[in-house]
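Here is the structure we will look at.
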Amino acid sequence: MVTPHGSKEASYLLPLNKEDWEGQGIPDFVYGQEELLAREIQWPRHASGMLGALPPSRFDSAICSAWRQRMELGLFRYHLGELQTQILPGAVGFVAQLNVERGVQRRRPQSIQSVRQPFDPGQFNFNKIQPGEILFRLHRKPNPASALQQEDILVMINVSPLEWGHVLLVPEPAQALPQCLLPGVLRAGVEAVLLSLHPGFRVGFNSLGGLASVNHLHLHGYYLAHRLPVEGAPSKPLDPSGHLHLLQALPAPGFLYHTSGPGPDLEALVNRVCRATDYLTEHDIAHNLFVTRGAPPGKSSPSSVLTGVRVILWARKSSFGIKENQAFNVALCELAGHLPVKTSQDFTSLTEAAALTLIQDCLLPPAQAEEVQVALVALVTQEEQ
């Protein structure tokens, strides 16, 4: 049933008459720094199945009401019900979910040959989506103290969703930007995590060669009602100031950046991360990025209290195209410990060891990984001089 327009989130809902969708215009979700929730967020004792159990923020309400309405109206490629979920036995704590429809119904990935491939207007891009797929425009109130370029971001449904509330965060599509991360876009992604009161709302980025299926700049955002290994995994500092850490735990080592909240610290993090992704792109090295509430860097934190935002960056082997015979394909969520599995047989038989083998096969050889680490440390060190 479509949510009635008298509700609090009515401005983000489509008109009841389909003929009016195109002429409606895109509603703005305007927010200021005061809505970026830097305080501690805590998982409830029983995290599973608790998406509706936590009080939503204004941002959560806007996404969930508009996303639910689009699902009811049939704008997705398939209806997403409650996904069968299991925590794989073992030390990592992989969250595996059976999502057969995504494996079958999702749009075929574009032909990608390079991490630096230019935008091609002839391929599918976000200028070609259907009316109604855009939920709202994310617009930050001007901040004179900010040195970062202000970016308005369109929040639109992913028509082949991984999980509940799966959206894409897209800067103005008419700019025709290729899938290379930019500071204003990353800041919007980090701030989206801070706008949510849900500890399981995460944002991520896949580069070309890192299983991005569309060469048009976008981030992913989605809700998952489970803790992930990367939230509290231990790390060691790589530079004297502690701005860059190495995430040491399974499922995969990665570069860890952390911010305690909005302001200069967040903007410095965004610039550091984008200098790193610029280096990787210039050297044609595929990469994935994951943004989640999490513990500060350092020793392992088993606590359910999340006191900041972790941004984890993985450099990896390039992979072009989908591997149909694998239980899952390795991109941003798999490296973080969330495994959307494509078939019932694989879901039933998947083990932690098999999952780790698939993930670690995608990592850079040790010598190249060491070379990347030296380069990223040098970038941070240069900034500090």
Side-chain angles (χ1 to χ4, degrees), residues 88 90-94 112-116 180-181 204-212 228-258 272-290 292 294 297-300 310-321 323 325-339 350-383:
L88 295 187
V92 177
F94 281 118
I112 305 294
Q113 307 299 326
S114 166
V115 176
R116 296 176 290 177
C180 299
L181 195 59
F205 171 84
N206 296 321
S207 80
L208 301 180
L211 262 63
L228 290 175
V230 294
E231 291 175 17
S235 64
K236 68 174 183 179
L238 293 177
D239 71 295
S241 298
H243 290 142
L244 177 63
H245 281 69
L246 182 67
L247 197 69
Q248 297 173 292
L250 297 170
F255 299 103
L256 171 62
Y257 304 80
H258 180 271
R272 287 186 198 107
V273 173
C274 286
R275 278 194 288 271
T277 56
D278 285 349
Y279 169 86
L280 296 173
T281 301
E282 288 162 9
H283 290 78
D284 213 32
I285 299 171
H287 46 282
N288 305 97
L289 180 142
F290 196 76
T292 182
K299 295 179 181 178
S300 178
R310 286 184 163 202
V311 178
I312 304 122
L313 174 65
W314 293 276
R316 44 90 54 83
K317 295 176 187 173
S318 289
S319 177
F320 299 112
K323 308 295 188 290
N325 60 340
Q326 293 182 347
F328 56 85
N329 297 108
V330 179
L332 66 94
C333 56
E334 290 81 3
L335 286 162
H338 173 212
L339 311 178
L350 186 62
T351 63
E352 179 179 273
L356 287 171
T357 297
L358 278 178
I359 290 171
Q360 291 172 359
D361 281 350
C362 295
L363 304 181
L364 294 176
Q368 189 181 11
E370 178 64 27
E371 182 182 323
V372 168
Q373 179 173 313
V374 169
L376 298 195
V377 171
L379 288 174
V380 173
T381 305
Q382 290 166 15
E383 170 203 338

Within the distance-only criterion (no hydrogens, no angle test), does the side chain of S235 pair as donor or acceptor with the backbone N or O of G298 below 3.5 angstrom? yes

To check you understand the geometry: which heavy-atom pair defines the closest contact between V115 and L208, and what is its length? CG2-O, 3.3 Å

For residues P251 and L335, report the shortest heavy-atom separation together with the two atoms involved. CG-O, 3.1 Å

Give a yes or no on whether a salt bridge exists between E282 and R116, defined as a side-chain N under 4.0 angstrom from a carboxylate O. no

So do F255 and W314 actually touch side chain to side chain, heavy atoms under 4.5 Å? no

Checking N288 side chain against G210 main chain: does a donor-acceptor pair fall under 3.5 Å? yes

Minimum heavy-atom separation for L358 to V330, with atom names? O-CG2, 3.8 Å

What's the shortest heavy-atom distance between P234 and A249, and which atoms? CD-CB, 3.8 Å

To the nearest 0.5 Å, what is the distance between NZ on K317 and CD on Q368? 9.5 Å

Quick check: does any side chain N or O of E352 sit under 3.5 Å from a backbone N or O of A91, one acting as donor and the other as acceptor? yes

Give a yes or no on whether a salt bridge exists between E231 and R310, defined as a side-chain N under 4.0 angstrom from a carboxylate O. no

Stepwise, does the side chain to side chain contact (heavy atoms under 4.5 Å, CB included) test hold for I312 with L289? CA-CA 6 Å; I312 304 122; L289 180 142; over 6 Å; no

Would you say the side chain of L350 lies within less than 4.5 Å of the side chain of L339, judging by non-hydrogen atoms? yes

Side-chain donor or acceptor of K236 paired with backbone N/O of L247 under 3.5 Å: no

Within the 3.5 Å criterion, strictly below it, is a donor on S114 or D284 matched to an acceptor on the partner's side chain? yes

Determine yes or no for a side-chain-to-main-chain donor-acceptor pair under 3.5 angstrom, with H283 supplying the side chain and Y279 the backbone. yes

Take L280 and L313 through the side chain to side chain contact (heavy atoms under 4.5 Å, CB included) test and state the conclusion after the steps. CA-CA 11 Å; L280 296 173; L313 174 65; 4.0 Å; yes

Kindly indicate whether the side chain of P237, heavy atoms from C-beta on, has any atom under 4.5 Å from the side chain of L244. no

F205 vs T277 side-chain heavy atoms within contact, under 4.5 Å: no

I want to check something: taking the side chain as every heavy atom from C-beta on, are Q360 and L250 in contact at a cut-off of under 4.5 Å? yes

Taking C-beta and beyond as the side chain, do R272 and E383 meet within less than 4.5 Å on heavy atoms? yes

Looking just at side-chain N and O atoms, do H287 and R316 make a donor-acceptor pair shorter than 3.5 Å? no

Looking at A336 and L228, what are the two nearest heavy atoms and their distance? O-CB, 3.7 Å

Nearest heavy-atom pair of H243 and Y257: which atoms, and what distance? O-CD2, 3.8 Å

Measure the shortest side-chain to side-chain distance between L364 and I285 over non-hydrogen atoms and say whether it is less than 4.5 angstrom. yes

Value rounded to 0.5 Å, distance of CG in L376 from OG1 in T381: 10.5 Å

So L238 and Q373, side chain to side chain contact (heavy atoms under 4.5 Å, CB included) or not? Walk me through it. CA-CA 9 Å; L238 293 177; Q373 179 173 313; 3.5 Å; yes

I'd like to check L88 versus T351 (side-chain heavy atoms, cut-off strictly below 4.5 Å). Are they in contact? no

Rounded distance (nearest 0.5 Å) linking atom CG of D361 with atom CD of Q326: 8.0 Å

Can a donor-acceptor pair be found, under 3.5 Å and without considering hydrogens, that links the side chain of N206 to the backbone of A331? no

